[in-house]
Asks: 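Below you will find the structure I want to go over with you.
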Number of protein chains: 2
Amino acid sequence: MRGTLIYGPRDVRSEERDDPEIITATDAIIRISATCVCGSDLWPYRGIEAVSEPTPMGHEYVGIVEEVGSEVRTVKPGQFVVGSFFASDNTCEICRAGYQSRCVHAEPMGRIGTQAEFARIPLADGTLVATPEVPDDDLVPSLLAASDVLGTGWFAAVAAEAGPGKTVAVVGDGAVGLLGVLAAKRLGAERIIAMSRHEPRQRLATEFGATDIVSERGDEGVARIKDLTNGLGAHSVIEAVGTQESMMQAIRATRAGGHVGYVGVAHDVQLPGDELFFSAAHLHGGPAPVRRFLPELIGLICNREIDPGKVFDLDLPLADAAEGYRAMDERRSIKALLRP
Amino acid sequence: MRGTLIYGPRDVRSEERDDPEIITATDAIIRISATCVCGSDLWPYRGIEAVSEPTPMGHEYVGIVEEVGSEVRTVKPGQFVVGSFFASDNTCEICRAGYQSRCVHAEPMGRIGTQAEFARIPLADGTLVATPEVPDDDLVPSLLAASDVLGTGWFAAVAAEAGPGKTVAVVGDGAVGLLGVLAAKRLGAERIIAMSRHEPRQRLATEFGATDIVSERGDEGVARIKDLTNGLGAHSVIEAVGTQESMMQAIRATRAGGHVGYVGVAHDVQLPGDELFFSAAHLHGGPAPVRRFLPELIGLICNREIDPGKVFDLDLPLADAAEGYRAMDERRSIKALLRP
């Protein structure tokens, strides 16, 4: 089959790989309908995460079940399924508490590499959620978004306790930040402030429900958020970048007693304990337990109540994966969809 | 009047100070019935916080109202009152959300110095809570505890979401940690693991409701907590120290999706973003909004349902404040009560 590998910084290749096979009786094999490039894929692409050998890429996916292991009970060949970037059993104590991304048997799908024609999905019963029927083609991008960026933005909004009466600020205008806006809107937030300096992203944020746009960053951005909130800061702040600057911007933009939901994968971040202490903010985040939200999100998408697929502004054949990485790296594209 | 000042590291003196006066119409003057030495007072005592000039000490207090300003409505002379270490208006948006320690008009009582015979209490209507009647003498230590250490331990337990079905671990066996145990018990926690290597403190922790004692610290302490929780970590962890080691011990002892409530005043703490991210824990803390809990805590104490005053194992005349500091510094005393 065709698959995508990274060889080193800015060196992504589409190559022939072995077809995956059932290894464990709880595995399934799916034929990928659509996959995509994640903001987190840009860390190794930019050389910020080391790549020591050719490594399969991709952890977002939707597709049709081809084959299941002998112990798989809840999904079957022919079904259209959505999974998340961590395989999870969905039965352990951590999963039952809603933290499937930290399942005691969690397996990162990034190691498998879903930017490919087929993928082996471990713990298929726990990991995969089937749609009621094979969806119309135009729903596929939104269902693919549910696999990571929507689920992650949603978790960030839930972690930030976005809801009725709340002012929510969103740090980061990538696909996750934009879908954090959409999630905050669906959760009933009164006011949603998107922090973005890129006009096409500002437009999409507004379309998803942002009521205000703040183009300043850092201390100036924080000052603008305070201006908009009687000097107090936002009730809820979504952090969707993962740098020192963005984390501090998020914490400082939050009012005392407010909530920061952070989902940007932290790189070289050190949070100063004294400032965090006196902020009196709540901090919650981490790798999003997307599986928790999949049934609800699939329902909203299949009922056409939300259209998160709009974050895909580039649609490429899988063979052109390298161009998807380039376009996102250069910020020519918010998010690139890849079709096998 | 007699008051306590710090001149520098390990140099605490009891001296004659001016009697306080009403400055603002919202002030009250109280005659201190009892005050005490706080763990946080040991930071300047040990030279970890700089002291540039002779500085009044103390921020915990109960007493009788002597005089009120012309705009004070809810407390009156003769009443026995409990306040917290931040004066707060209790009417602003932040106070109404339960974060009185971050009130937009907050004034730290430490600047006033309540280790004295009298104290001026700013924002008296918002800050002070009167007991139903002047309490019996034996209740005074517990009411004094409500002013800070009990309120802080209680907030930590609430921030850590201690409750029915939960396993709560407590890092720190000072008065706050011990009262965090008491709070977790009252909040219905199923299992309470006190981390302590001091036999008298272990005993008090057990008396307050601890079901398990772990004497190991750092990585070994974390391993013991995991052993006791099916390898997952505690649901709720109270951090009541404020060092790098204690914060990391708390975060690492918490299961994915669990809650850390941290109230130790952070000193030289830097939290690594990547570890925090993958912990998937909730983090909440800061200067405890003790005022939020005072009515409830005063009720429990006056009804003799809790006896937090047991943390005072040294009872001194105010004039001997220096000995209180020495005893706590040398860990001969958990907490020293001072009587004017």
Side-chain angles (χ1 to χ4, degrees), chain A residues 86 92-104 106 108 155 159 161 165 229-233 235 239 242-244 246-248 251 255-289 292, chain B residues 86 92-104 106 108 155 159 161 165 229-233 235 239 242-244 246-248 251 255-289 292:
Chain A
F86 272 106
C92 76
E93 206 173 323
I94 300 298
C95 281
R96 281 183 283 128
Y99 286 87
Q100 291 90 340
S101 51
R102 307 299 291 143
C103 169
V104 299
F155 170 61
E161 301 215 346
T229 54
N230 296 324
L232 301 177
H235 299 92
E239 192 286 331
T243 63
Q244 183 73 22
S246 64
M247 278 298 282
M248 295 318 298
I251 291 166
R255 67 179 55 197
H259 292 75
V260 178
Y262 66 102
V263 291
V265 183
H267 282 76
D268 295 325
V269 170
Q270 294 283 338
L271 300 183
D274 52 350
E275 183 167 349
L276 198 62
F277 182 84
F278 287 104
S279 78
H282 298 73
L283 215 59
H284 183 42
R292 188 204 309 177
Chain B
F86 272 106
C92 76
E93 207 173 322
I94 300 298
C95 281
R96 280 182 284 129
Y99 286 88
Q100 291 91 337
S101 51
R102 306 300 290 144
C103 170
V104 298
F155 170 61
E161 301 214 346
T229 53
N230 296 325
L232 301 178
H235 299 92
E239 192 286 332
T243 63
Q244 183 73 23
S246 64
M247 278 298 281
M248 295 318 299
I251 292 166
R255 67 178 57 197
H259 292 76
V260 179
Y262 67 101
V263 292
V265 183
H267 282 75
D268 295 325
V269 170
Q270 294 283 337
L271 301 183
D274 52 350
E275 182 167 351
L276 198 60
F277 182 85
F278 287 104
S279 78
H282 297 73
L283 215 60
H284 183 42
R292 188 202 309 177

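Bear in mind that the values here come from a model prediction, so they are computed numbers and not experimental data. Worth knowing before you read on, the calculation uses all heavy atoms, side chains too, and leaves out hydrogens, waters and symmetry mates. Chain identifiers are assigned alphabetically (A, B, ...) following the order of the sequence lines, protein sequences preceding nucleic acid strands; residue numbering begins at 1 within each chain.
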Asks: Looking at every non-hydrogen atom in both residues, tell me the closest pair between A:H235 and A:G165 and how far apart they are.
Replies: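 So the minimum-distance heavy-atom pair works out to CE1-O, 3.8 Å.
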
Asks: Which of the residues A:E275, A:Q244, A:E93 is involved in the greatest number of heavy-atom pairs with chain B at under 4.5 angstrom?
Replies: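 Result: the option with the highest number of such pairs is A:E93.
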
Asks: Can you tell me which portion of A:V260 sits under 4.5 Å from chain B's heavy atoms? Options are side chain, backbone, both or neither.
Replies: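 For A:V260, there is no contact with chain B at all, as no heavy atom is under 4.5 Å.
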
Asks: Looking only at heavy atoms and a cut-off of under 4.5 Å, which of B:N230, B:V104, B:I94 has the most pairs with chain A?
Replies: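 Maximum pair count with chain A is reached by B:I94.
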
Asks: Using non-hydrogen atoms only, which part of A:H267 is less than 4.5 Å away from chain B: side chain, backbone, both, or neither?
Replies: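 For A:H267, there is no contact with chain B at all, as no heavy atom is under 4.5 Å.
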
Asks: Mind ranking A:G264, A:P289, A:S101 by heavy-atom pairs under 4.5 Å with chain B and telling me who comes out on top?
Replies: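 Heavy-atom pair counts peak at A:G264.
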
Asks: Would you mind checking which part of B:D268 comes under 4.5 Å of any heavy atom in chain A, side chain (CB onward), backbone (N, CA, C, O), both or neither?
Replies: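 Nothing of B:D268, per the 4.5 Å heavy-atom cut-off to chain A.
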
Asks: Which heavy atom of B:V269 sits nearest a heavy atom of B:T243, and at what distance?
Replies: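 Nearest heavy atoms, B:V269 then B:T243: CG2-C, 3.6 Å.
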
Asks: Between B:Y99 and chain A, which part of the residue has a heavy atom less than 4.5 Å away: side chain, backbone, both or neither?
Replies: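 Contact with chain A involves the side chain of B:Y99 alone.
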
Asks: Considering only heavy atoms, which portion of A:A281 lies under 4.5 Å from any heavy atom of chain B: side chain, backbone, both, or neither?
Replies: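 For A:A281, backbone heavy atoms alone lie under 4.5 Å from chain B.
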
Asks: If every non-hydrogen atom of A:G98 is compared with every non-hydrogen atom of A:R292, which pair is closest and at what distance?
Replies: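 The pair with the smallest heavy-atom distance is O-NE, 2.9 Å.
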
Asks: In terms of heavy-atom pairs under 4.5 Å, which option from A:G258, A:A280, A:A288 contacts chain B the most?
Replies: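 Highest number of pairs under 4.5 Å: A:A280.
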
Asks: Between A:H284 and B:H282, what is the ring plane arrangement, given parallel below 30°, perpendicular above 60°, and tilted in between?
Replies: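 Ring orientation of A:H284 relative to B:H282: parallel.
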
Asks: Between atom CD of A:Q270 and atom CG of B:L276, what is the distance when rounded to the nearest 0.5 Å?
Replies: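 Interatomic distance, A:Q270 CD to B:L276 CG, rounded to 0.5 Å: 10.5 Å.
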
Asks: Against chain A, label B:H259 side chain, backbone, both or neither, depending on which of its atoms sit under 4.5 Å from a heavy atom there.
Replies: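 For B:H259, no heavy atom lies under 4.5 Å from chain A.
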
Asks: Quick one: which of B:G242, B:G257, B:A159, B:G285 has the most heavy-atom pairs under 4.5 Å with chain A, could you say?
Replies: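 So the answer, after comparing B:G242, B:G257, B:A159, B:G285, is B:G257.
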
Asks: Please report the closest heavy-atom contact between A:G286 and A:V263, naming both atoms and the distance.
Replies: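 The pair with the smallest heavy-atom distance is O-CG1, 4.0 Å.
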
Asks: Which heavy atom of A:F86 sits nearest a heavy atom of A:P287, and at what distance?
Replies: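 Shortest heavy-atom separation between A:F86 and A:P287 comes out as CE1-CB, 3.9 Å.
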
Asks: Which heavy atom of B:V265 sits nearest to which heavy atom of A:F278, and what is that distance?
Replies: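 What the structure gives for the nearest pair is CG1-CZ, 4.4 Å.
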
